[in-house]
Q: 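This is the structure, below, for whatever I ask next.
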Protein chains: 2
Amino acid sequence: MAGVSTGTVSNALTGKRPVAEASHQRILTAIAELGYQPNLMARGLANQRSHVLSVVIKELSDLGFYGYSSALTGIQREANRLGYSIMLHFVNSSAEEEIFATLDQIRARRADGIIWAIHEVDGNRDWVRDIRPEDYPPLTFLHMHPDPALSVVAIDNQAGASLAVAHMIEQGARTIGIITGPADWWESQSRLAGWQHALEQANLDTGSSLVVAGDWLAESGQKGLETLLNQRPDLDAVFACNDTMALGAIYTAHRCGLSIPDDLLLVGFDNTPEAESYWPPLTSIHQGLRQSGQIAVDELHQIIESGKNEHISPRQHILQPELIIRRSSMRDKI
Amino acid sequence: MAGVSTGTVSNALTGKRPVAEASHQRILTAIAELGYQPNLMARGLANQRSHVLSVVIKELSDLGFYGYSSALTGIQREANRLGYSIMLHFVNSSAEEEIFATLDQIRARRADGIIWAIHEVDGNRDWVRDIRPEDYPPLTFLHMHPDPALSVVAIDNQAGASLAVAHMIEQGARTIGIITGPADWWESQSRLAGWQHALEQANLDTGSSLVVAGDWLAESGQKGLETLLNQRPDLDAVFACNDTMALGAIYTAHRCGLSIPDDLLLVGFDNTPEAESYWPPLTSIHQGLRQSGQIAVDELHQIIESGKNEHISPRQHILQPELIIRRSSMRDKI
DNA sequence: AGTTATAATTAAAGCGGTTTAATTTGTCAA
DNA sequence: TTGACAAATTAAACCGCTTTAATTATAACT
């Protein structure tokens, strides 16, 4: 319609080779007239580049909304800026079968890169060792434990937990319990390690009677605090490994007539927007989730751009979380 | 490698035409040996069918996690079952510019269908009237107000709100305030209408001093209840248009030394998993969000399969929400 | 005007599948 | 042995784009 060949149209649109001003104009008007929209599948086929990033997360069932949503926001913004579309994949179990089904699908779609953001559970990243990397697009892990052989963006959970516990110690707490997430999650483990580390620094009790495992959900926070109180009547502070479980702990405190912070200090993890509307407002650890998502995309983009040829060595990005102090942990009331 | 032509491989894999058992075997082993993975872009190009569903949501910033996450879960499961991958798109403003940019991207990717799940704001669906439907893949709207000309899956917000308010009336409340969402959201409007309807049925006050607008976030629930209490000292119940704002209202009640439910009944909307760990546990309206997502996919799938030719008339699916009673609304304590 | 260099364009091949129409192979009856 | 018919296979075209190599148009210099 513009009286030129498809090759010229291609050049006009991608700008890879110069096109005469006159033809350029004719092409643009023709495009507008026809409502033409380039077919990205065809373009991808020809370019061997889909401009699609695959993001793999655990099914957003009843837990972990906050983390995934925030990270996804960060991912999306950056991906959009760099011209990628994002394809979402869900994995529920750690069954290798399901993992490989997902990987196959990603491979079949010829995604340019993968952000693997499944919360890590003991051994559910082992498959990485079994694959030939050249069979798959570049892979960046989000929120998993750093490994020098892999590209990883993570938050320093241990440091965050230490921050929380050290703060409570400073506020005068001496018997500090912890409500962890499921024992096999990496994030649980490192938050537990942070709790332990901070207590050891201060020569305080880290006995197992101070540890109870939750499942991230509020109800397990309720039960968790009950158990802790039974085991340790002298308990004077609790670190809940996420805000939702902290909410459950607050529930139990109310039910037992315990005042937070007068009788018990409490700190959570995540710093969800609701935390400041808990009663009392909850001190929590803020993670740069949005930022971590963004970094993961940048990282992946670099690897993709550099081409698989020049072997770029994997990098580790560790973000430091931050303590947000609110009333639940302030012995001296404000 | 299997000594057959690509055409035969195609037939073997898709099963569209019969292939001799012997060749079939040879093909399978060759595939296993080579680690072959069909290129879905090429397949899509040839078939004019991408097997991709585009899901458009508002950026999961600080609000609305719960709704989007649940719906996405439903969408994902069903999409997976039917062999679709899902591509995620984010729209933030209601600027037509951004909307059309998104639509163009979807069109360029040749998605088979679109689930438009942007929370509806006054007029931000008007673009639908301006487009030629045949330019775009089939479109289903999720959580927007029904329109006979469009394919829509929605939850009956008005009925849900009425349920909540009627329940409080039954519990003896006579002066029932409401904390709404932003005034321009369709969901706010219909929940407000439900509140009004239930009160009118019972001949109770619906004056504007009983209405205050929030923004879905907890903090606005705090402020909201403050305002209501100032305007109406006789207030004896509140309907918060989501659980998060209800949490804020609880905060204010605690701060003012008011007991829920003794001094004030409270009902929320969403029935988030945390609601039962609020103090007191929150009565709320449960929406079948996961189910609505699933239905949207089914609906779209049907339209896609039927081919654009036989014009399938758009259907409306309205789901009824459900009242979940907990202590926050029980005058007679349990 | 005649070369030559340069810029713009195009024809054709290729990306990796599917599909149609034609061909080969195999079976069986005459 | 031949011919007819069905089943399996394949060659080649096509999906819509990019790109290389070749070609044509344009400008610049003797």
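Reminder, nothing fancy here: chain letters follow the sequence lines and each chain counts from 1. It should be emphasised that the depicted structure is a prediction, and the values quoted were computed from it without experimental measurement.
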Q: If I take atom CG in residue Leu45(A) and atom C1' in nucleotide dT18(C), what distance separates them, rounded to the nearest angstrom?
A: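 Distance check: Leu45(A) CG to dT18(C) C1' gives 13 Å.
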
Q: List the residues meeting side chain to side chain contact (heavy atoms under 4.5 Å, CB included) with Ala20(B), not counting sequence neighbours, and say none if there are none.
A: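 Checked Ala20(B) against side chain to side chain contact (heavy atoms under 4.5 Å, CB included); matches are Ser23(B).
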
Q: For Ser50(B) and Arg110(B), indicate whether the former's side chain and the latter's backbone hold a donor-acceptor pair under 3.5 Å.
A: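 At least one qualifying donor-acceptor pair exists.
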
Q: Send over the distance from Asn47(B) CG to dG16(C) P, rounded to a whole Å.
A: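 Computing the Asn47(B):CG to dG16(C):P distance gives 17 Å.
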
Q: So, using side-chain hydrogen bond (donor to acceptor under 3.5 Å, both in side chains) as the criterion, who are the partners of Gln287(A) when residues are at least two apart?
A: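 Here the qualifying residues are Asp270(A).
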
Q: Got a sec, which residues hit side-chain hydrogen bond (donor to acceptor under 3.5 Å, both in side chains) with Glu98(A), two or more places apart in sequence or on another chain?
A: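 Partners of Glu98(A) under the side-chain hydrogen bond (donor to acceptor under 3.5 Å, both in side chains) test: Ser93(A).
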
Q: Under the ring-ring contact (aromatic ring centres under 6.0 Å, His included) test, which residues partner His301(B), sequence neighbours left out?
A: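 Per chain and number, His301(B) pairs via ring-ring contact (aromatic ring centres under 6.0 Å, His included) with Tyr84(B).
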
Q: How far apart are the C-alpha atoms of Glu187(B) and His143(B), what are their side-chain angles, what is the distance that settles it, and do they pass the side-chain hydrogen bond (donor to acceptor under 3.5 Å, both in side chains) test?
A: CA-CA 8 Å; Glu187(B) 275 155 313; His143(B) 301 161; 5.1 Å; no

Q: For the backbone of Asp147(B) and the side chain of Gln316(B), can you confirm whether one donor and one acceptor N or O come within less than 3.5 Å of each other?
A: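 Here the side-chain-to-backbone pair exists.
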
Q: Test of understanding: with salt bridge (Lys or Arg N to Asp or Glu O under 4.0 Å), list the residues that count as partners of Arg132(B), not counting sequence neighbours.
A: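 Counting only residues at least two positions away or on another chain, Arg132(B) forms a salt bridge (Lys or Arg N to Asp or Glu O under 4.0 Å) with Glu134(B), Asp135(B).
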
Q: Taking ring-ring contact (aromatic ring centres under 6.0 Å, His included) as the definition, give me every residue that meets it alongside His317(A), ordered by chain and number, with sequence neighbours left out.
A: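 His317(A) satisfies ring-ring contact (aromatic ring centres under 6.0 Å, His included) with no residue once adjacent residues are dropped.
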
Q: By a strict heavy-atom criterion of less than 4.0 Å, which residues belonging to residues 3-12 of chain B are in contact with DNA chain D?
A: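 Close to the strand are Gly3(B), Val4(B), Ser5(B), Thr8(B).
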
Q: Could you work out, with side-chain hydrogen bond (donor to acceptor under 3.5 Å, both in side chains) as the rule, every residue matching Ser85(A), not counting sequence neighbours?
A: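 Result, side-chain hydrogen bond (donor to acceptor under 3.5 Å, both in side chains) vs Ser85(A): Gln105(B), Arg109(B).
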
Q: Quick one: how far along DNA chain D does chain A reach, first to last nucleotide 5' to 3', anything under 4.0 Å to a heavy atom?
A: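 That gives a stretch of dG16(D) to dT20(D).
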
Q: For DNA chain D, which residues of residues 20-33 of chain B approach it to below 4.0 angstrom with any heavy atom?
A: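 Per residue number, the list reads Ala20(B), Ser23(B).
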
Q: Mapping Arg110(B) and Arg17(B) onto DNA chain D by nearest heavy atom, which one lands closer to the 5' end?
A: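 So the residue in question is Arg17(B).
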
Q: Just jot down the salt bridge (Lys or Arg N to Asp or Glu O under 4.0 Å) partners of Arg49(B), sequence neighbours excluded, or say none.
A: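 In terms of salt bridge (Lys or Arg N to Asp or Glu O under 4.0 Å), with neighbours along the sequence ignored, Arg49(B) is linked to Asp112(B), Glu305(B).
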
Q: In degrees rounded to 10°, what angle is found between the helical axes fit to the five outermost pairs at each end of the helix from dA1(C)-dT30(D) to dA30(C)-dT1(D)?
A: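 Computed angle between terminal axes is 60°.
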
